[in-house]
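The figures that follow rest on heavy atoms only: side chains count, while hydrogens, waters and symmetry mates do not.
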Amino acid sequence: MDKSFFDYYIKEKKKHYFYDVTVKLAQHVKFHFEGVKNLIYPYEKENEYFKILIEERRPNESTMVWEHRRKQYTPVTKQICSKVTTALKKIPRSLGWSINFSDTDIPALVGEERSLEEYVTEYYPVYNSVDNWYFAEILEKQLKDANGLLVVLPYEYYLPLEELQKRPENELLTPIGIFIPSEAVIDFKHDDYALIYSNEKFEYLNSEGKKEQGSVYWLIEKGQFTKIFVQAKGDYQVVPFAPLPDKLSAWRIGGKVRDSYGITPIYDSFIYPMLPSLDQAAREASDLQAAVVLHLYPTMWYFAGQDCLECKSTGFVLKAGKQVVCGKCEGNGRILHSPYKDMAIKPTEAGTQPIPTPPMGYVQKDVEIIKVQDERIKAHKYDALSALNMQFLDQVPLNISGDAKSIDRDELNNFLSEIAFNIKKNLELIYEQIAMQRYPFISEEEQDNMLPDIAVPLNFDIETLEGMTNEIKRLIDSDADLGVINALEIEYTNKKFAGRPDLRKKIVAAKKLDPFAGMKNDEKENLVLSGLAKKEDVILSIYIVPFIDRAIRENPDFINLEEAQQLEILSKYASEKATAPQSQTIIRDNNGNPA
C-alpha cells in the first residue's frame, strides 16, 4: 500500500463505503443483547438504538414520565437473546457433529507432540481447543455482528518487534483466532486486505518531551502483517512487522447475505427476523414502567386546609429580585402533607365549608392496563422466538395460548443447518490458517493433510423437554397420527434419559416394538374382537414391558440385539401366553392391573 492509502484512512480518518451500514446493523442487534451500553471497540458508549427505541418522546408524554422511563429502563430482551445463544451452543452436542482427525497425516518434521491436532484440541490458549473457544466466545459475537472479521494471527505478533525478532527460529508460533467488531474494521476487501483499528496502544514522547499514548492500526495482506503507529496529532509510522501466509488470514464471520460491494459481502445477522418483535418488546417494556407508576402505585389525596405562611398562599416568593416558586409548598399555596407524618387539621370557622370526613384518602386506579401491557410484552418475546421457529424456548403467553404456533421442524433444521455450515466454514479456515502459520517449514500439501474433517448433523437436538412435552400434548389433543406421536415420544425419551442409557434403551425398545403403541387397551381388544388384529399382537402390545424385562433377565444383551431379533423373542413370549392352558386371557395394563 502506498502513502496515499495511509493518508486517506489514517490522517483523513476515512472508512470503507459500507462502514456506517455495518456498524448500524451490529448496534441494532447488540442493543437487545447488551442493553443501553454498547462495547464500541475499544471503548464504551451509548447504543444509538437506545435513543431510537427508548428515549423518543411518546405523544402527550410529560417530561417527568419521560425522564423516569429513560432512567429506569432495563434490557428486557437480553433474556430472549441469551436463550437463543444457549440453544445454538448445543449444535456440537447434536448427533452427527464431529471434528475428525483420524484420516490426517503428521509430517515427520512436525511429530505427534507438536501436531496440529494436539494444538487445536488440547493446547489452544485459554480454552484448550479451538471449537471450545468458538462456541464459548465467538458464536454470540457472530450473532451480534455478522460483518465483524475473524482474524488468525500468531499471539507473538502482539510483542514489540525487537522481542519478536529475538525468538528462536525453531520455536513454533502460537496462532490464535481474534474477532474484530465492525466498528474497528476501517477497510476490508474480500481476499485482498483488511485495515483494522486494533486495541493495541503504544507510548511515545511528544514535542514537549511528555509521554503520550498512541493508537496502533493493523494492515493484514496476503504474505504480510504491517503495524501503523499513530500519534495523537495524526502523524504515523508504517512498520512492516512480520510475514503471513499467501492466503488472507482475515474474513467476514458471516450471516445472511444482505448486499455486497464487488466481491465483498455485507451480512445480516442470522437472528435478524427477531428484531421487529424485540424492538416492540423493548419499547413497550419502557412504556410499562411508566404505566406502573401511573396506574399501580397509590396516590394520596387530602384536604389542604392550612395556608403556607412562607409565601402567604400565593405559591411564589421574592428571591434576588425575582418571583420564584415557593420551596416550602412547591407552588401550591398550601402546606404539603407527607403520608409518613400525622395530619393535623384545624377546625373550620363558622360559615365556611366543612372539612370532609375523613380528610384524606387514596385514588382508586385501574390496573387492567398494566396486565394488558405485560401480556403484550410477553407476546412480543414469544413472537421473536417464533420468527426463528424456536418458540419452545419460552412459555406461551396467556393471551395467545389458544393460537400457539407448532414447531416447524424442517424450518428449524434448515435454520440450524445454515448456522452450522457457516460455523464449519469458519472453523475450517481457522484450522487452515493455524496450520500455515504454525508450520511454515512444511509443504502446502503436508499442511492440508493435517486438517480435520468436520461433519454437520442432519438433525439438531436443541429443543427443551418442556417444549417437547407441550408438542406431544398438542398432537395427542388434536388426534394426530399415532406414529408421529410415538416418534416424538422416542425423541423425548432419548433426551430425558440421555444420562441413563439402560433405562433409555429399554423405554425406546418398548416404543419401537409395540405394534399398537399409543392405543388404549380397550381399543386393542376391539381390534381382536373385530378380527382386525391377531390375538398374539395385542398380547405383545399389552405386555411389552414385562416381556422386555423377562428377555433381559434371560439374555442381559437383549437390549443391544437387532430390532428383528428382539421382536422374534418377544413374539415367542406372546404366542406362549396366547396358547397357555386353562387361560382366559385377561387384558392388563403395563402395571399388571386388569384393564
Any side-chain donor-acceptor pair under 3.5 Å between [X] and [Y]?
| X | Y | answer |
| --- | --- | --- |
| D191 | W251 | no |
| S98 | N100 | no |
| E411 | N389 | no |
| T174 | E156 | yes |
| Y134 | Q142 | yes |
| N414 | D410 | no |
| D187 | Y9 | yes |

Would you compute the distance between atom [atom1] of [X] and atom [atom2] of [Y] and round it to the nearest 0.5 angstrom?
| X | Y | atom1 | atom2 | value |
| --- | --- | --- | --- | --- |
| E55 | Y49 | CD | OH | 15.0 Å |
| N426 | I138 | CG | CD1 | 9.5 Å |
| C81 | K144 | SG | NZ | 9.5 Å |
| R252 | I180 | CZ | CD1 | 12.5 Å |
| S417 | K424 | OG | NZ | 11.5 Å |
| L205 | Q231 | CG | CD | 9.5 Å |

Query raised in the report: Between K227 and F241, is NZ or CZ placed under 6.0 angstrom from the six-membered ring centre and within 45° of the ring axis?
Result: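 Yes; both conditions hold, so K227 lies above the ring face of F241.
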Query raised in the report: Does NZ or CZ of R114 lie under 6.0 Å from the centre of the six-membered ring of Y119, at an angle within 45° of the ring axis?
Result: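 No, a cation-pi geometry is absent between R114 and Y119.
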Determine whether more than 12 heavy atoms belonging to other residues, nucleotides or ligands lie under 6.0 Å from atom [atom1] of [X].
| X | atom1 | result |
| --- | --- | --- |
| E212 | CD | yes |
| K425 | NZ | yes |
| R93 | CZ | no |
| Y261 | OH | yes |

Does a side-chain N-to-carboxylate-O contact under 4.0 Å join [X] and [Y]?
| X | Y | value |
| --- | --- | --- |
| K222 | D246 | no |
| K3 | D7 | yes |
| E34 | K30 | no |
| D374 | K378 | yes |

From [options], residue fulfilling side-chain contact (heavy atoms from CB on, under 4.5 Å) relative to [X]:
| X | options | result |
| --- | --- | --- |
| L275 | V29, L25, T77 | V29 |
| F421 | I454, L416, V456 | V456 |
| V151 | I430, L248, I220 | I220 |

Over 60° means perpendicular and under 30° means parallel, so classify the ring planes of [Y] and [X], tilted if in between.
| X | Y | value |
| --- | --- | --- |
| Y236 | F6 | tilted |
| Y155 | Y158 | tilted |
| H32 | H28 | tilted |
| F202 | F229 | perpendicular |
| F50 | F31 | tilted |

Query raised in the report: Below 6.0 angstrom between ring centroids: does that apply to F5 and Y193?
Result: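 Ring-ring flag for F5/Y193: true, centres closer than 6.0 Å.
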Query raised in the report: Looking at Y197 versus Y217, is the centre-to-centre ring distance below 6.0 Å?
Result: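 Centroid separation for Y197 and Y217: below 6.0 Å.
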Closest heavy-atom contact between [X] and [Y]?
| X | Y | result |
| --- | --- | --- |
| L388 | L412 | O-CD1, 3.8 Å |
| G234 | K11 | O-CG, 3.7 Å |
| K83 | L393 | NZ-O, 3.3 Å |
| K381 | A281 | CG-CB, 4.3 Å |
| K89 | A136 | NZ-O, 3.7 Å |

**Report entry** Test log, rule side-chain hydrogen bond (donor to acceptor under 3.5 Å, both in side chains), inputs Y127 and E137
**Finding:** CA-CA 10 Å; Y127 295 92; E137 181 181 331; 2.7 Å; yes
**Report entry** Matching residue for S182 among N147, D145, D20 - test: side-chain hydrogen bond (donor to acceptor under 3.5 Å, both in side chains)
**Finding:**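 Going through N147, D145, D20 one by one, the side-chain hydrogen bond (donor to acceptor under 3.5 Å, both in side chains) with S182 is satisfied by D145 alone.
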Query - Qualifying residue for side-chain hydrogen bond (donor to acceptor under 3.5 Å, both in side chains) with S286, from R69, E56, Q72 - result: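 Between S286 and the candidates, side-chain hydrogen bond (donor to acceptor under 3.5 Å, both in side chains) is satisfied uniquely by R69.
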Query - Pairwise side-chain contact, V230 with I228, heavy-atom cut-off 4.5 Å (strictly under) - result: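 Heavy-atom side-chain distance check passes, below 4.5 Å.
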Requested in this report: Run the numbers on L149 and I253 for side-chain contact (heavy atoms from CB on, under 4.5 Å), then give the verdict.
Outcome: CA-CA 6 Å; L149 299 185; I253 194 166; over 6 Å; no
Requested in this report: Apply the test side-chain hydrogen bond (donor to acceptor under 3.5 Å, both in side chains) to residues Q280 and D383: give CA-CA distance (whole Å), side-chain angles for both, the deciding distance (0.1 Å), then the verdict.
Outcome: CA-CA 10 Å; Q280 286 282 74; D383 287 344; over 6 Å; no
